[in-house]
Peer 1: 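I have a structure I would like to understand better, so I am pasting it below and will then ask my questions one at a time.
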Amino acid sequence: MTDYAEEQRNELEAIESIYPDSFTVLSDDPTSFTITVTSDAGENCETVEATFKFTYVEKYPDEPPLWEINSQENLEESDVEDIHTLLQQQAEENLGMVMIFTLVTAVQEKLNEIVDVMKNRREEEKLRKEQEAEEAEKVAFQGTVVTIENFLLWKAKFEQEVAELRRRKQKEEEQAGKPKLTGKQLFETDHNLDTSDIQFLEEGKNTVFNDIDVCDY
């Protein structure tokens with residue numbers, strides 16, 4: 001007949017010697033204790049941690065112990081669920097043998113994996129931001145590719161602005177007593193408008209342009 005109480009006492013002594021700084025007995029009847037498990041530190045010294053409360057049932061280790069997470073640091077809800085699933089799996093595989101050390105070791109490895117995932121996420125986020133910055137820089141450098149559609153839109157806006165500038169200039173000259181010029185005369189004096197729009201498009205198919213200040217004209 002299995003002496004469950006003896007097996008439990010022997011394991012408790014072993015666990016206390018293995019985890020002297022993180023092991024705390026809570027009660028003797030039923031036997032209940034806590035063990036704090038901390039991951040290895042990541043490259044930026046980040047860690048994840050969880051404190052587990054274990055309670056022996058009468059027929060442990062033929063029946064699994066009870067456990068719960070008393071507290072945790074830097075664990076997401078999904079991580080906690082994964083840990084509970086892991087403990088359940090390990091407990092079922094080790095029925096009939098004292099298993100607290102096995103359970104804690106499995107949790108330790110899981111916490112280290114979580115730290116690695118945190119590192120990978122951080123690196124992926126850094127890479128994403130770098131790529132976004134590169135794309136923004138390319139767009140700023142390239143400007144706007146000239147197409148017939150966007151050139152015609154620009155041309156219409158430009159001509160409207162030029163017409164407004166001419167109107168204001170003519171009004172100022174009239175107020176100053178200068179003779180009024182006809183539209184044809186204004187056009188003939190503005191040699192910048194002699195360039196053919198079609199010629200400009202042909203020469204600029206693969207070029208880019210930025211906004212043009214009408215005051216340059």
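In this chain, numbering begins with 1 at the start of the sequence shown. In what follows, every heavy atom counts, from backbone to side chain, and hydrogens, waters and symmetry copies are set aside.
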Peer 1: If only atom types and distance count, is the side chain of Q72 paired as donor or acceptor with the main-chain N or O of L75 below 3.5 Å?
Peer 2: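 Yes, Q72 side chain to L75 backbone: donor-acceptor pair under 3.5 Å.
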Peer 1: Can you check side-chain hydrogen bond (donor to acceptor under 3.5 Å, both in side chains) on D82 and T85, steps first, answer last?
Peer 2: CA-CA 5 Å; D82 289 344; T85 300; 5.4 Å; no
Peer 1: With sequence neighbours excluded, what pairs up with M99 under the side chain to side chain contact (heavy atoms under 4.5 Å, CB included) test?
Peer 2: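 Only Y60, P65, A91, N94, L95, L103 meet the side chain to side chain contact (heavy atoms under 4.5 Å, CB included) criterion with M99.
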Peer 1: Looking at D28, I'd like to know if its CG atom is crowded, meaning that more than 12 non-hydrogen atoms belonging to other residues, nucleotides or ligands lie closer than 6.0 Å.
Peer 2: no
Peer 1: Could you go through L12 and T31, starting from their C-alpha distance and side-chain angles, then the distance that decides it, and tell me whether this counts as side-chain contact (heavy atoms from CB on, under 4.5 Å)?
Peer 2: CA-CA 9 Å; L12 206 61; T31 301; 3.8 Å; yes
Peer 1: Which atom names give the shortest non-hydrogen contact between P64 and V57, and what distance separates them?
Peer 2: O-CG2, 3.6 Å
Peer 1: When hydrophobic residues are tied together by side-chain contacts of less than 4.5 Å, even through go-betweens, does M118 share a cluster with L86?
Peer 2: no
Peer 1: Would you give the length of the straight line joining atom CG of L153 to atom CD1 of I148, rounded to the nearest 0.5 angstrom?
Peer 2: 12.0 Å
Peer 1: Look at R128 together with E124 and state whether they make a salt bridge at an N to O cut-off of under 4.0 Å.
Peer 2: no
Peer 1: Would you call the rings of F23 and F33 parallel, tilted or perpendicular if under 30° counts as parallel and over 60° as perpendicular?
Peer 2: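 The arrangement is tilted - the two ring planes meet at 30° to 60°.
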Peer 1: Go through the steps for R122 and E46 under the test side-chain contact (heavy atoms from CB on, under 4.5 Å), then give the verdict.
Peer 2: CA-CA 12 Å; R122 185 170 57 251; E46 72 273 24; 3.2 Å; yes
Peer 1: Let me confirm one number: the CD-NE2 distance from Q88 to H84, rounded to the nearest 0.5 Å.
Peer 2: 10.5 Å
Peer 1: Which pairs with one or both residues in residues 98-135 pass ring pair (Phe, Tyr, Trp, His ring centres under 6.0 Å), sequence neighbours excluded?
Peer 2: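 Ring pair (Phe, Tyr, Trp, His ring centres under 6.0 Å) check on residues 98-135 returns no pairs.
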Peer 1: Taking the side chain as C-beta and beyond, is there a heavy-atom pair between T47 and V115 under 4.5 Å?
Peer 2: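 They are not in side-chain contact.
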Peer 1: Any non-hydrogen side-chain atom of V107 less than 4.5 Å from a side-chain atom of L87?
Peer 2: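 The answer is yes, as the side chains (C-beta and beyond) meet within the 4.5 Å cut-off.
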Peer 1: Name the one of E11, E7, E6 that satisfies side chain to side chain donor-acceptor pair (under 3.5 Å) with R9?
Peer 2: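 For R9, the side chain to side chain donor-acceptor pair (under 3.5 Å) check succeeds only for E6.
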Peer 1: Are L26 and I35 connected in a single hydrophobic cluster, I mean Ile/Leu/Val/Met/Phe/Trp/Tyr linked by side-chain heavy atoms less than 4.5 Å apart?
Peer 2: no
Peer 1: Could you check whether atom CD of E58 has more than 12 heavy atoms from other residues, nucleotides or ligands sitting under 6.0 Å from it?
Peer 2: no
Peer 1: Could you walk me through whether E164 and R168 pass the salt bridge (Lys or Arg N to Asp or Glu O under 4.0 Å) check?
Peer 2: CA-CA 6 Å; E164 177 63 19; R168 279 191 244 160; 3.4 Å; yes
Peer 1: According to a hydrophobic-cluster definition based on side-chain heavy atoms being under 4.5 Å apart (Ile, Leu, Val, Met, Phe, Trp, Tyr only), do L111 and I18 belong together?
Peer 2: yes
Peer 1: When hydrophobic residues are tied together by side-chain contacts of less than 4.5 Å, even through go-betweens, does V25 share a cluster with Y4?
Peer 2: no
Peer 1: To the closest 0.5 Å, what do you measure between CG (N70) and OG1 (T36)?
Peer 2: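 The distance works out to 8.5 Å.
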Peer 1: Given Y56 and I100, is the side-chain contact (heavy atoms from CB on, under 4.5 Å) satisfied, shown in steps?
Peer 2: CA-CA 10 Å; Y56 287 151; I100 299 300; 4.2 Å; yes
Peer 1: Does any non-hydrogen side-chain atom of T34 lie less than 4.5 Å from one of F54?
Peer 2: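 Result no, sub-4.5 Å side-chain heavy-atom pair not found.
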Peer 1: Please answer whether the main-chain N or O of V48 pairs with a side-chain N or O of S39 as donor and acceptor at a distance below 3.5 Å.
Peer 2: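 Between the backbone of V48 and the side chain of S39 there is a qualifying donor-acceptor contact (under 3.5 Å).
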Peer 1: Check the hydrophobic clustering (I, L, V, M, F, W, Y; side-chain heavy atoms under 4.5 Å; chains of links allowed) and say if V117 and V37 are grouped together.
Peer 2: no
Peer 1: Below 4.5 Å, heavy atoms only, C-beta onward: do E134 and K129 meet side chain to side chain?
Peer 2: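 Counting from C-beta outward, E134 and K129 never come under 4.5 Å.
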Peer 1: So which pairs with a foot in residues 97-116 pass side-chain hydrogen bond (donor to acceptor under 3.5 Å, both in side chains), sequence neighbours left out?
Peer 2: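 Every side-chain hydrogen bond (donor to acceptor under 3.5 Å, both in side chains) pair that includes a residue of residues 97-116, provided the two are not neighbours, is D40-N112.
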Peer 1: side-chain contact (heavy atoms from CB on, under 4.5 Å) for F52 and V104? Distances and angles first, verdict last.
Peer 2: CA-CA 9 Å; F52 293 85; V104 172; over 6 Å; no
Peer 1: Please report the interatomic distance CG(L66) to CD(E68), rounded to the nearest 0.5 Å.
Peer 2: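 The CD atom of E68 is 8.5 Å from CG of L66, to the nearest 0.5 Å.
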Peer 1: Output, in order, the C-alpha distance, side-chain angles, deciding distance and verdict of salt bridge (Lys or Arg N to Asp or Glu O under 4.0 Å) for E125 and R121.
Peer 2: CA-CA 6 Å; E125 179 66 13; R121 287 176 181 170; over 6 Å; no
Peer 1: Working to the nearest 0.5 angstrom, can you tell me the gap between E81 CD and E77 CD?
Peer 2: 5.0 Å
Peer 1: What distance separates T38 OG1 from N74 CG, expressed to the nearest 0.5 Å?
Peer 2: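 The OG1 atom of T38 sits 10.5 Å away from the CG atom of N74.
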